[in-house]
Amino acid sequence: MGNSSDSIFVTRPNLPPLEKLYPYLEKIWETKILTNNGPFHNIFEQKLAKFLGVNHINLFCNGTLALVIGLQALRITGNVITTPFSFPATTHALKWNNISPVFCDIEEESLNIDPNKIETLITSETSAVMPVHVYGHPCDTERIQEIADKYGLKVIYDAAHVFGVKMKGRNLLLEGDISILSFHGTKLFTTFEGGALISKNEAFKKRIDFLKNFGFLDEITITSPGINGKMNELQSAVGILSLEIVDEEIANRKKISETYFELLKKIKGVKLFNHFKGYDYNYAYLPILINKGQSAEARDQVYNILKKQNIFARRYFYPLISNMLPYQGLRSASRENLPVANRVADRILCLPLYGSLSVKNVHRICELIKSILQ
Ligand code: T4K
């Protein structure tokens with residue numbers, strides 16, 4: 001991470017006013033309740049459930065553990081079909097459960113798992129599908145559910161990027177069996193580190209509550225070999241306050257994104273992702289493809305020239321997870337199996353996007369991209 005004061009990063013956290021946090025800190029210092037289902041944890045859990053329009057939610061210390069524990073609670077085994085175009089946490093969560101990932105190619109337009117390619121990968125070992133709503137663009141959940149129902153598979157959504165995405169007539173977070181969110185410092189909605197798991201019934205939520213607290217049923221009874229996935233009081237306090245500012249952040253990002261779209265659409269070789277049909281986008285990311293030449297060269301050129309100007313765009317998600325050392329040897333990791341994902345990973349660039357990014361800087365970034373590509 002660069003640290004020059006004029007640096008422009010891919011994102012910046014949207015933090016609540018510090019003075020609003022002080023009363024929460026005073027309360028924590030007074031009561032000395034720091035964690036283990038404290039009062040702020042419970043308030044945040046309720047407020048968050050209401051905000052997201054869900055009934056069953058568990059808070060976590062991060063999104064990765066929510067995934068690991070969610071897979072465990074669903075008793076997923078064998079093989080799981082997933083996307084290679086994501087943050088490594090998605091696939092690592094499978095490995096931490098001794099599950100083998102089977103990589104499926106992605107769609108050109110949404111960059112999400114391609115439902116048309118899932119069925120050919122299903123074998124007697126397959127127990128689930130784990131798609132990711134990449135950059136907050138919703139997966140084709142109806143088609144995925146149809147396939148899951150046909151073969152009796154579970155569906156686990158890595159929904160780390162979708163906070164604040166609003167579908168017309170349905171709640172994206174209630175698709176599949178479970179969804180997990182991330183509240184990491186780089187996310188649109190942050191609790192510094194943090195995450196949540198959304199499920200469909202109270203019994204499952206209770207099971208997750210045990211699993212994320214070592215499996216304790218009461219002071220002396222352990223029901224299962226749980227782990228520590230709890231969110232603490234400080235994170236929860238930040239979460240309560242951050243709920244008050246997230247809608248404004250989305251509105252600010254929307255305006256900034258619109259400036260980007262306006263300027264970038266005129267540049268040959270830049271592909272934008274701005275067709276938000278059927279949903280209100282959360283503007284979590286500003287991904288573009290640099291479509292010039294056959295390799296990653298042009299994209300890397302843009303990335304490096306921006307970097308020299310202290311503009312730190314990011315190549316999320318390059319390299320593909322399937323090309324990372326722990327996964328390279330898998331049959332499904334071959335480039336022939338994943339032509340679209342490999343092509344996209346060589347061209348993807350996420351540009352800086354956050355509510356306080358100035359329009360002047362957006363113009364500067366777009367001018368630089370234009371001068372490099374023309
Ligand atoms: N599934 C998906 C699809 C995910 O994208 C993620 C996380 C997960 C699962 C796992 O959820 P968690 O267990 O993390 O809750 C970041 C994040 O570490 C990671 O959480 C995130 N995805 C991923 C997309 O991005 P890095 O290595 O790129 O972060 P870093 O530290 O380079 O930060 C990028 C920029 O953000 C910095 O240049 C400046 C800014 N920044 C960052 C931090 C940490 C700040 O301004 N303040 C900060 O505190 O991975």
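Atoms within a ligand are numbered from 1 in the order they appear, just like the ligands themselves. Positions are given from 1, in the same order as the sequence printed here. A quick note: this is a predicted structure, and the numbers were derived from the prediction, not measured.
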Would [X] count as a contact residue for ligand 1, given that I'm defining contact as a non-hydrogen atom of the residue lying under 4.0 Å from a ligand atom?
X    : result
S182 : yes
F312 : no
A93  : no

Under 3.5 Å: N/O of [X] near N/O of ligand 1:
X    : result
H161 : yes
L67  : no
E193 : no

Under a plain distance cut-off of 3.5 Å, with no hydrogens placed, do [Y] and [X] share a side-chain donor-acceptor pair?
X    : Y    : value
E175 : T141 : yes
N323 : N342 : yes
N97  : Q72  : yes
K230 : N36  : yes

Please identify which atoms of ligand 1 are closer than 4.0 Å to at least one heavy atom of [X].
X    : result
R314 : 26 (P), 27 (O), 28 (O), 30 (P), 32 (O), 34 (C)
N62  : 13 (O), 15 (O)
A89  : 8 (C), 9 (C), 10 (C)
S86  : 3 (C)
T90  : 1 (N)
G194 : 15 (O)

Does the ring-ring contact (aromatic ring centres under 6.0 Å, His included) test come out yes or no for Y135 and F273, once each step is laid out?
CA-CA 10 Å; Y135 308 131; F273 297 87; 7.2 Å; no
Judged on heavy-atom distance to atom 17 (C) of ligand 1, which of H133, K187, H184 sits nearest?
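Residue with the shortest heavy-atom distance to the ligand atom: H184.
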Name the option, out of G185, A160, P13, that contains the heavy atom nearest to atom 2 (C) of ligand 1.
A160
Look at the side chain of D177 and the backbone N and O of K154, then say whether any donor-acceptor pair between them is shorter than 3.5 Å.
no
Please answer whether the main-chain N or O of I348 pairs with a side-chain N or O of R299 as donor and acceptor at a distance below 3.5 Å.
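Yes; judged by distance alone, with no hydrogens or angles, the pair exists.
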Using 30° and 60° as the class boundaries, would you call the ring planes of H161 and Y285 parallel, tilted or perpendicular?
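Aromatic pair H161/Y285 classed tilted.
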Aromatic ring pairing F317/F85, orientation class (parallel under 30°, perpendicular over 60°, tilted between):
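Rings of F317 and F85: perpendicular, as their planes differ by over 60°.
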Under 4.0 Å from ligand 1, counting heavy atoms only, is it the side chain of [X], its backbone, both or neither?
X    : value
T64  : both
T11  : both
F192 : neither

State whether D114 and K117 are salt-bridged, where the test is any N-O pair (Lys NZ or Arg NE/NH1/NH2 against Asp/Glu carboxylate O) under 4.0 Å.
yes
Aromatic centroids of F192 and H184 separated by under 6.0 Å
no
